[in-house]
Amino acid sequence: MKANPYQQLFDDQMNRFLEVGKTTYKERVSKLRKLKNALEYEYRQPLREALFSDFGKPFLETDLTEIYPILAEIKHIERHLRDWMRPKKVGNPLPMIGSRSYIEYESKGVCLILSPWNFPVNLTFDPLVSAIAAGNCCILKPSESTPATSQVMSEIVSALFDPSEITLVQGEVETAKALLELPFHHIFFTGSPAVGKHIMEAASRHLSSVTLELGGKSPAFVDETASMETTAKRLAWGKCLNAGQICVAPDYVLVTAKAKDALVQALENQLKSFFPQGASSSASYARIINTAHHRRLQDYLKSAVSQGAKILYGGGYSEENHFFEPTLIENVPEDAALLQEEIFGPVLPMVIVKDVDEAVDYINRKPRPLALYTFSKNKGAIRKLSANTRAGTACINHNVIHLSNNHLPFGGINNSGIGKAHGHHGFLAFSNERATVRQYTASSVDLLMPPYSDLKQRMMDATLRWFK
Ligand code: NAD
């Protein structure tokens with residue numbers, strides 16, 4: 001059998017993981033600060049340029065969605081890590097008298113982080129930050145679709161870390177597959193639900209634990225009580241940021257018949273105000289990552305139109321420079337790809353519903369979303385939508401911003417993901433919560449050990465009666 005090309009890297013980390021797991025709060029924070037300084041100063045401009053060259057990402061969006069979240073996460077961790085690392089004392093039931101119980105937070109060991117292309121820095125370094133905080137060794141494999149950004153990230157990692165502790169490998173899908181053959185202690189994957197299934201299957205061979213941060217279709221519900229101008233502004237921003245290539249972008253809108261015309265008008269006004277000379281010449285608008293994804297979007301749009309859908313705004317594109325105009329579309333049949341597949345681009349289908357009940361039914365016919373957005377002032381509708389659906393995350397009267405609060409867990413449910421990231425939840429994803437009991441005196445259980453006798457049985461009976 002051919003040797004695994006990453007075996008040596010993996011073995012080197014296996015030899016170090018216990019040592020790295022014993023690092024103190026100060027040592028972990030000093031590693032995080034090195035990364036923070038590198039992103040804030042030396043590598044900020046190279047990263048902005050790399051992301052611009054990979055998919056025309058505006059510098060401000062790189063600062064906002066790639067650099068800022070990591071700096072904020074590190075700051076949050078610095079503030080709380082000492083407390084998170086401390087063993088937590090828990091209660092002791094009466095039969096365990098004479099002992100103390102506590103949870104120790106130990107590193108998982110050697111971890112694999114596989115990331116997607118849409119926020120390549122954020123989605124590679126954010127889990128890395130959690131992994132470092134929890135005292136792990138890591139191999140990172142970013143997406144092959146952002147080669148310039150992966151190259152800068154590789155330079156950062158090799159400048160800051162010893163490869164026997166943290167290293168980054170670049171490569172295509174085959175690289176990811178080769179890495180997945182190794183018995184990692186934890187795999188943190190961010191990407192599509194389809195690939196997530198392969199990751200879970202590969203992880204099952206070694207029973208590696210997994211965090212799967214996946215995607216899918218995140219709906220927005222808008223009713224006539226919502227403030228249309230604000231709703232349109234926020235939805236248009238959520239759909240245009242990164243040119244709609246965001247796991248939590250509003251994928252489609254379920255809008256009540258009474259609100260539809262006002263919402264469409266407000267969205268049009270908003271898009272014109274975001275891009276007064278048109279999005280194609282705007283420096284505030286990113287491009288689609290590559291030709292394959294551009295064609296996928298073209299196909300979705302063309303086939304929806306051929307099935308009777310009507311473009312309300314936009315619809316323009318240029319394959320040559322990967323530009324795709326922000327587009328509003330209605331009358332899309334439910335079985336069209338636009339309403340079946342994750343759009344991951346700046347096309348926003350408007351689906352008309354009678355009321356919140358119909359929206360609930362629609363959402364519940366689909367796989368569970370990563371995010372669910374409600375735009376309404378009607379408390380009953382907000383409550384109904386929340387209580388009668390399941391989603392990984394939610395925002396009420398806004399979208400996308402919830403993932404920037406490090407106090408909140410971030411992640412999906414079932415088809416949209418397994419496990420949570422960010423802040424304390426990220427630390428826990430990369431930690432084993434070792435349940436520990438320390439016996440100080442004689443134990444009541446010692447009295448019930450063989451050989452069994454009538455007296456021991458009576459003691460057992462008395463214990464059971466105690467529950468009555
Ligand atoms: P992807 O699933 O195609 O690829 C992600 C990573 O997996 C890449 O590093 C790739 O090399 C690797 N990969 C691809 N095929 C593989 C295979 N068969 N075996 C092993 N590894 C494989 O995702 P993408 O196109 O890069 O990103 C878009 C998807 O990611 C969308 O579905 C989006 O919703 C999701 N996403 C989720 C989050 C989140 O936090 N939940 C964030 C961003 C993106």
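We're numbering straight along the sequence, starting at 1. All ligand and atom numbering here is 1-based and tracks the order in the structure.
Geometrically, ligand 1 and Glu172 share no nitrogen or oxygen pair separated by less than 3.5 Å. Where the criterion is an N or O separation shorter than 3.5 Å, residue side chain and backbone included, Asn118 fails it with respect to ligand 1. Geometrically, ligand 1 and His198 share no nitrogen or oxygen pair separated by less than 3.5 Å.
Defined by atom type and a distance below 3.5 Å, a donor-acceptor pair is present between the side-chain atoms of Thr291 and His322. Side chain to side chain, Arg28 and Thr23 meet the donor-acceptor criterion of an N or O pair below 3.5 Å. Side-chain N/O atoms of Arg48 and Gln45 include a donor and acceptor closer than 3.5 Å. Side-chain atoms of His425 and Lys420 include no donor-acceptor pair closer than 3.5 Å. Remark: the Ser209 side chain and the Lys108 side chain contain an N/O donor-acceptor pair separated by less than 3.5 Å.
Selection from Pro120, Cys247, Ser416, Pro116 by nearest heavy atom to atom 27 (O) of ligand 1 gives Pro116. Across Ala178, Gly215, Ala176, Ser192, heavy-atom proximity to atom 2 (O) of ligand 1 is greatest for Ser192.
Among all non-hydrogen protein atoms, the one lying nearest atom 8 (C) of ligand 1 is Ser115 O, 3.3 Å. For atom 11 (O) of ligand 1, the nearest protein heavy atom (residue, atom name, distance) is Glu144 OE1, 2.6 Å. Closest protein heavy atom to atom 22 (C) of ligand 1: Val195 CG1, 3.5 Å. Scanning the protein for heavy atoms near atom 40 (O) of ligand 1, the closest one is Phe410 CE2, 3.3 Å. Nearest to atom 7 (O) of ligand 1 among the protein's heavy atoms is Phe189 CE1, 3.3 Å. Residue, atom and distance of the protein heavy atom nearest to atom 35 (C) of ligand 1 are Gly191 O, 3.2 Å.
The pair Asp83-Arg86 meets the salt-bridge criterion, since a charged nitrogen lies less than 4.0 angstrom from a carboxylate oxygen. Salt-bridge check for Arg365 with Glu334: passed, with a basic side-chain N closer than 4.0 Å to an acidic carboxylate O. With salt bridges taken as basic N to acidic carboxylate O contacts below 4.0 Å, none links Arg296 and Glu341. Between Arg33 and Glu78, at least one side-chain N (NZ, or NE/NH1/NH2) sits under 4.0 Å from a carboxylate O, which counts as a salt bridge.
Surrounding CD of Glu40 are more than 12 heavy atoms belonging to other residues, nucleotides or ligands, all under 6.0 Å away.
The Ser143 neighbourhood of ligand 1 comprises atoms 9 (O), with distances under 4.0 Å to a heavy atom of that residue. The atoms of ligand 1 that sit less than 4.0 Å from any heavy atom of Phe344 are 28 (C), 31 (C), 33 (C), 34 (O). Applying the 4.0 Å criterion to heavy atoms of Leu180 picks out, from ligand 1, the atoms 20 (C). For ligand 1, the atoms lying closer than 4.0 Å to a non-hydrogen atom of Glu342 are 31 (C), 32 (O), 33 (C), 34 (O). Near Thr190, meaning under 4.0 Å from any of its heavy atoms, are these atoms of ligand 1: 5 (C), 37 (C), 38 (C), 39 (C), 40 (O), 42 (C), 43 (C). Atom numbering of ligand 1 starts at 1 in the shown order; those under 4.0 Å from a heavy atom of Lys177 are 18 (N), 19 (N). Of all the atoms in ligand 1, the ones that sit under 4.0 Å from a non-hydrogen atom of Val173 are 14 (C), 15 (N), 16 (C), 17 (C), 18 (N). Remark: ligand 1 atoms within the under-4.0 Å shell around heavy atoms of Trp117 are 24 (P), 25 (O), 26 (O), 27 (O).
Counting heavy atoms under 4.0 Å from ligand 1, residue Thr175 does not touch it at all. Neither the backbone nor the side chain of Ala194 comes within 4.0 Å of ligand 1, counting heavy atoms alone. Contacts between Leu214 and ligand 1 below 4.0 angstrom, taking non-hydrogen atoms only, involve the backbone exclusively.
In terms of modelled atom types and a separation under 3.5 Å, the side chain of Glu325 and the main chain of Ala279 share no donor-acceptor contact.
Residue Leu114 places every heavy atom at 4.0 Å or more from ligand 1. Not close to ligand 1: Gly412, with no non-hydrogen atom less than 4.0 angstrom away. The closest approach between any non-hydrogen atom of Gly417 and ligand 1 is not below 4.0 Å. Ligand 1 does not have Phe119 within reach: every non-hydrogen atom of the residue lies 4.0 Å or more from it.
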Ring pair (Phe, Tyr, Trp, His ring centres under 6.0 Å) assessment of His294 paired with Phe324: CA-CA 8 Å; His294 198 273; Phe324 213 104; 5.4 Å; yes

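Residues forming a side chain to side chain donor-acceptor pair (under 3.5 Å) with Asn388 (at least two apart in sequence, or on another chain): none.
For atom 4 (O) of ligand 1, no protein non-hydrogen atom is found at a distance below 4.0 Å.
Between Phe430 and Phe188, the two ring planes are parallel [angle under 30°; tilted spans 30° to 60°]. Relative ring orientation between His76 and His80 is described as tilted, the plane-to-plane angle lying within the 30° to 60° band.
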Under 3.5 Å, side-chain donor or acceptor atoms of residues 400-408 against the rest of the protein: list the pairs with distances, not counting sequence neighbours.
from   : atom 1 : to     : atom 2 : distance (Å)
His402 : NE2    : Thr393 : OG1    : 2.9
Ser404 : OG     : Ile401 : O      : 2.7
Asn405 : OD1    : His407 : N      : 2.9
Asn406 : ND2    : Glu73  : OE1    : 2.7

